[in-house]
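All remarks here apply to the structure that follows.
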Amino acid sequence: MAKTDFARIEKKWQDRWEKEKIFEVDEKSKKKKFYVLEMYPYPSASGLHIGHAFNYTIGDVYARFKRMQGFNVLYPMGYDSFGLPAENAAIKHKSHPKKFTEDAIKNYIKQQRNLGLSYDWSRKVECHRPDFYKWDQWIFLQMFKKGLAYRKAAPVNWCRKCNTVLANEQVREGRCYLHEDTEVEIKHLEQWFLKTTKYADELYEGLDKLKDWPEDIKAMQRNWIGKSHGYEIEFEINGKKWPIFTTRPDTLYGVTFMVVSAQHPRLHELVTKEQKKEVDAFLKKIKSTSQKDIEELEKEGAFTGSYAVNPATGDKVPVYAGNFVVADYGAGMVMAVPAHDQRDFEFAKKYGIAIKVVIKPFEYDLNAEKMSRAFTGEGELVNSGEFNFSNNKEAIEEMGKKFGKKVVNFKLRDWLVSRQRFWGTPIPIIYCDKCGVVSVPEKELPVVLPDDVKFTSERNPLIGDDKFVKTKCPSCGGNARRETDTMDTFVNSSWYFLRYCDAKNEKEIFDKKKVKYWMPVDLYIGGREHATGHLIYSRFYIKFLRDIGLLDFDEPAMRLFNQGMVQGEDGQKMSKSKGNVVLPETVSEKYGIDSARLFLLSLGGLDGDRNWSDRGAEGSLRFIEKIMSYFDNVKIGRSSAKTEHRVNKAVRDMTLDIETLRYNMAIIKLRELFEGLGGEIARKDLESFVKLLAVFAPHVAEELWEKIDGKGFVSLAEWPSWDEKKINEEFDKIDAAVEKTVADILNILKIVSGERVYVYVLPHEVKFYSASDLSKRVGKNVKVFAVNDKEKYDPQGKAGKAKPGRPSIFVE
RNA sequence: GCGGGGUUGCCGGAGCGGUCAAACGGGACGGACUCAAGAUCCGUUGGCUUAGUGCCUACACAGGUUCGAAUCCUGUACCCCGCACCA
């Protein structure tokens, strides 16, 4: 289909770039640094599809652009190579996940190379390699020392398909993030956690400073961290103080019962002998309810037999165990005000608990007996002792302070990092009967995953591997055993971008000076799905590493960009089962990868979804082929003022468009510029055109650069500058005038028939009107005269009607 | 329920106070070239009207601000996406 042999051109330039190592960088440069990063991929066995190509092309264009602008650009690639699919494949084929992983990586590299991505491959990071995960373990130990890595028994999310626990961030609507059909079960296990909550407030407040992060991502993080201001109020139960968290102390006089979470660790303290049976039955019932039904779940509970003393009224109110109270939010217990909270209302109705109105709506009265739902609006306090008649909203602060204290609460939970799987970073911990939990000494790192283990679907093969498990206690030298859980793979991605700065360091996690030079990331590109996972974890890691003195900045990435999805031609998500997967190899073969890059980038804003389209790719191919044939017989000489205007304007506008990631706009301007090239062109202007093209279609641009004897690689050429003085909007007006004249002629030709067209132009405008161009455009024989031309043919005296920018026309 | 973002011509999608009946691409249609097809080139693609004009209706809907709105404000409807029994 393509006339040009793109495969040849692509290979030629990819080989040269690689041979000359032109994209490799170091910190010694005097140039200003720029760090472009794409989220590193999990190397899946199925390889890359065109959507990945789109993703990486966004970064590649930017890296090329900044490089040409004279920045020292760090643009690395690596692999998030721990994870379940490889382990599952190993189980299935009785092999080792390492083999699957490394094969997949090889394939990825080959594919990415074929996309023409300008990575510095010398900095490649693969997190399944001991030289990388050693530092995962090292960080873990630093956290352990500071008490930020800790072990606790807790209700945790368990996916039976993954055969492991999951972090909160990996549970979506009660289901496993990897298995949409699998409901997560709650188990009570002792697990390792990282104390993300230590930084909850900084993670929350820091979002305001991330000016160049998308609003929706920041909103999602705010939502996830869930900072809320409220009051802690103590209720006395059986002589002990039990604090609760509330945002509505104004309703305190309306509390008619309390609800403690069914998962509350101290629930048993509240259950009396008489009620034990009932509570146990209730707990058993909840356990068998699947997570998914929770949305529709009716509020249920059981009376514990205990009573709490309302600090405002001194009244004793019953304490229930309930299924709608979250154990680890606030205090795991709530005060219930059925008159003014819908959940409490439903619960009270079900169990026949008193409903006491304490807020009266301004317009009418409430009757507790007759209410069909809770009143949650604003009103006037009643039945509230000294606070009667005040506005409930205004009373919040005063009542909160009187009966409790102001506190801030977060939804964010500590990060559960233990995984009961093999293919992850081993947790560097040893259990000794005498000394308890002991960390592996730093000099013994890494704790390496063994190669010779047998995989079964039953359990983590490390458990049965005595060579791995049996060890000596570093503290007392006695017999001890290693932790067999590994870490969540999101641990690796929390800091991999730091390792790129000093990927081969064997002595330390990284050279502080190098990281100081490159970090933070200037542009980070990746999917929106990482909003509340990776993008929070990595922010947390940065803050921790800063606090132990390794870093001197607060946030990993200054600017974040979430690309849209590339769907199949049918508008559906690409998947093997739908048969709509588009592979970069196929595309390259048909259109050349440069056409594909150009097409994908020109389909609209980069953050929107787009459908692959063979037709569209053909359109881009046509454009590239036209460019190539233009260069076959371009006349290099002097540019007209108009050409200079066009080139300079395009350079100016495209520079801004690329800077702001509006590649689609830049490509349109490139097309317009090309359409306007004609006649002689100065070498400098022609070179500018190739440079503008080079970021989008690098192989073709290199080929053209060579053809016009450009110096070195266009990939390293200096980004064109523009001269504002050469930009003269008059030229655009003239173009518009010519267009208008064409339209006028065609309009007249619609009404009258004629073969010869005469155009009469004011003398100083004659040079803008080319008879041959006009003839071609209107498909008739056109003659152009100056109005003062004595020789002109003008039988009807039309010439006199010509105006500036508006020639007169005669057709016969 | 809370939060984020949308709604533009046949389609995708620009435009973010006048120069807009609205970029660019795709599709469709007409023409040139050709024995023919393809490729390429030119044109049309809201309606009426006209020797190159003028007018009407248009950027989800309804109002408002303004000399002037697809663009700003308010409300309504619909759509997409996150989070969600968070007290």
Side-chain angles (χ1 to χ4, degrees), chain A residues 1 3 172-174 214-224 226-228 230-231 244-248 251 258-259 261 294-300 322-337 341-344 346-347 376 409-413 528-529 531-532 571 598-599 602-605 607-611 613-620 622-623 625-626 629 662 664-665 667-672 675 729 732-733 736 740-752 754 757 759 773 775-780 796 798 801 806-811:
Chain A
M1 168 176 312
K3 281 184 286 186
R172 307 259 150 92
E173 290 174 10
E215 275 314 311
D216 59 333
I217 298 289
K218 286 192 278 187
M220 280 187 235
Q221 291 207 355
R222 279 194 195 99
N223 213 311
W224 189 262
K227 184 176 184 177
S228 80
Y231 296 85
I244 58 99
F245 176 74
T246 181
T247 53
R248 296 292 304 280
T251 61
M258 308 287 286
V259 186
S261 168
I294 274 194
E295 299 150 41
E296 304 102 57
L297 201 63
E298 203 180 320
K299 320 249 166 305
E300 276 189 282
N323 64 349
F324 66 95
V325 175
V326 178
D328 52 6
Y329 181 72
M333 170 146 62
V334 296
M335 64 182 216
V337 187
D341 181 284
Q342 187 57 25
R343 287 160 310 191
D344 299 347
E346 286 168 30
F347 194 89
T376 52
N409 227 308
F410 294 95
K411 279 200 264 183
L412 186 74
R413 300 277 72 90
R528 227 169 248 109
E529 67 274 18
T532 54
L598 208 57
F599 166 66
S602 55
L603 272 175
D607 51 356
D609 294 347
R610 61 214 50 233
N611 297 351
S613 148
D614 277 345
R615 288 294 213 165
E618 279 169 35
S620 292
R622 271 200 292 276
F623 177 48
E625 299 262 39
K626 270 197 268 183
S629 64
R662 290 185 302 183
N664 53 328
M665 291 290 106
I667 290 168
I668 285 166
K669 282 159 194 162
L670 185 69
R671 292 182 103 115
E672 284 171 346
E675 290 305 320
E729 299 296 341
D732 291 340
K733 286 192 188 143
K740 181 72 182 152
T741 304
V742 170
D744 285 347
I745 296 170
L746 289 167
N747 209 349
I748 294 168
L749 285 170
K750 267 201 297 194
I751 297 157
V752 301
V757 179
V759 177
D773 283 357
S775 300
K776 199 172 154 199
R777 294 287 297 276
V778 305
K780 302 284 176 192
Q796 293 195 2
K798 294 270 186 196
K801 291 190 176 172
R806 201 74 195 274
S808 55
I809 297 158
F810 173 62
V811 175

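Quick note on labels: first sequence line is chain A, next is B, and so on, each numbered from 1.
The residue from Thr376(A), Val337(A), Asp341(A) that alone fulfils the side chain to side chain contact (heavy atoms under 4.5 Å, CB included) condition with Thr251(A) is Val337(A).
A84(B) atom P lies 13 Å from atom CG of Asp328(A), rounded to whole Å. Atom CD1 of Ile751(A) and atom P of G54(B) are 13 Å apart (whole Å). A straight line from CZ of Arg172(A) to P of C83(B) spans 6 Å, rounded to a whole angstrom. We find that CZ of Arg528(A) is positioned 16 Å from P of C80(B), with the value rounded to whole Å. With rounding to whole Å, Glu625(A) atom CD is found 14 Å from G38(B) atom C1'.
At a cut-off of 3.5 angstrom, counting only N and O atoms as typed in the model, there is no donor on one side facing an acceptor on the other between the side-chain of Lys776(A) and the base of C42(B).
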If you apply the rule side-chain contact (heavy atoms from CB on, under 4.5 Å), what do you find for Leu746(A) with Arg777(A), and how did you get there?
CA-CA 9 Å; Leu746(A) 289 167; Arg777(A) 294 287 297 276; over 6 Å; no

Output, in order, the C-alpha distance, side-chain angles, deciding distance and verdict of side-chain contact (heavy atoms from CB on, under 4.5 Å) for Leu749(A) and Lys780(A).
CA-CA 10 Å; Leu749(A) 285 170; Lys780(A) 302 284 176 192; 3.8 Å; yes

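Here CD1 of Ile748(A) is found 10.5 Å from CZ of Phe810(A). Values are rounded to the nearest 0.5 Å. Taking CZ from Arg662(A) and CD1 from Ile668(A), the interatomic distance works out to 11.0 Å, rounded to the nearest 0.5 Å. Atom CG of Asp328(A) and atom CG of Leu412(A) lie 10.5 Å apart (nearest 0.5 Å). Lys740(A) NZ to Arg806(A) CZ: the interatomic distance, rounded to the nearest 0.5 Å, is 5.0 Å. Distance check, rounded to the nearest 0.5 Å: OG of Ser620(A) to CD of Glu625(A) gives 12.0 Å. Atom NZ of residue Lys733(A) and atom CD of residue Glu729(A) lie 8.0 Å apart, to the nearest 0.5 angstrom.
Spacing between C81(B) and A28(B) at atom C1', rounded to whole Å, works out to 34 Å. Rounded to the nearest Å, the gap between the C1' atom of G47(B) and that of U57(B) is 7 Å. When the P atom is used for both C72(B) and G82(B), the distance is 27 Å, rounded to whole Å. To the nearest whole angstrom, the two C1' atoms, one in C10(B) and one in C55(B), are 26 Å apart. The C1' atoms of C67(B) and G5(B) are separated by 34 Å, rounded to the nearest whole Å. Using P as the reference atom, U49(B) and C56(B) are 16 Å apart when rounded to the nearest Å. Between U65(B) and U74(B), the two P atoms lie 15 Å apart (nearest whole Å). Atom name C1', nucleotides G9(B) and G15(B): the rounded distance is 14 Å, in whole Å.
Within 4.0 Å (heavy atoms only), Arg413(A) reaches no atom of the nucleic acid at all. As judged by a 4.0 angstrom heavy-atom cut-off over every strand, Gly605(A) is placed among residues touching the sugar-phosphate backbone only. Residue-level contact check: Ser808(A) touches the bases, meaning some heavy atom is under 4.0 Å from a base atom. Using a 4.0 Å heavy-atom criterion, one finds that Lys218(A) contacts no nucleic acid atom at all. When heavy atoms are screened at a 4.0 angstrom cut-off, Val811(A) is found touching base atoms of the nucleic acid. Using a 4.0 Å heavy-atom distance criterion, Leu603(A) is classed as a sugar-phosphate-only contact. Looking at heavy-atom distances under 4.0 Å, Val259(A) makes no contact with the nucleic acid at all.
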Check: protein-nucleotides 22-33 of chain B nitrogen or oxygen pairs below 3.5 Å:
residue	atom	partner	partner atom	Å
A23(B)	O2'	Glu672(A)	OE2	3.2
G26(B)	OP1	Arg622(A)	NH2	2.7
G27(B)	OP1	Arg615(A)	NH1	3.0

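Taking Lys750(A) as the reference, Asn747(A) meet the side-chain contact (heavy atoms from CB on, under 4.5 Å) condition, with sequence neighbours excluded. Residues meeting the salt bridge (Lys or Arg N to Asp or Glu O under 4.0 Å) test with Lys798(A), sequence neighbours left out: none. For Arg528(A), the side chain to side chain donor-acceptor pair (under 3.5 Å) partners are Asp216(A), not counting sequence neighbours.
OP1 or OP2 of G15(B) has at least one side-chain nitrogen or oxygen of Arg662(A) nearer than 4.0 Å. Distances shorter than 4.0 Å separate none of the side-chain N or O atoms of Lys669(A) from OP1 or OP2 on A14(B). Phosphate proximity of U53(B) to Lys740(A): present, with a side-chain N or O under 4.0 Å from OP1 or OP2.
Tyr329(A) and Phe245(A) have perpendicular rings, their planes meeting at more than 60° on a 0 to 90° scale where under 30° would count as parallel.
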In 5'-to-3' order, the base (B), backbone-only (S) or no-contact (-) status of each nucleotide in nucleotides 1-6 of chain B, using a 4.0 angstrom heavy-atom cut-off, is --SSS-

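A residue-by-residue look at Phe410(A) and Gly604(A) shows that Gly604(A) has its nearest nucleotide of RNA chain B further toward the 5' end. Between Asp341(A) and Pro807(A), the residue whose closest nucleotide on RNA chain B is further toward the 5' end is Pro807(A).
Between Lys669(A) and Glu672(A) no salt bridge is recorded (no basic side-chain N to carboxylate O distance below 4.0 Å).
Remark: RNA chain B forms stems of 3 or more consecutive Watson-Crick or G-U wobble pairs, all pair distances under 3.5 Å, at B:1-7 with B:77-83, B:10-12 with B:24-26, B:27-32 with B:40-45, B:46-48 with B:54-56, B:60-64 with B:72-76.
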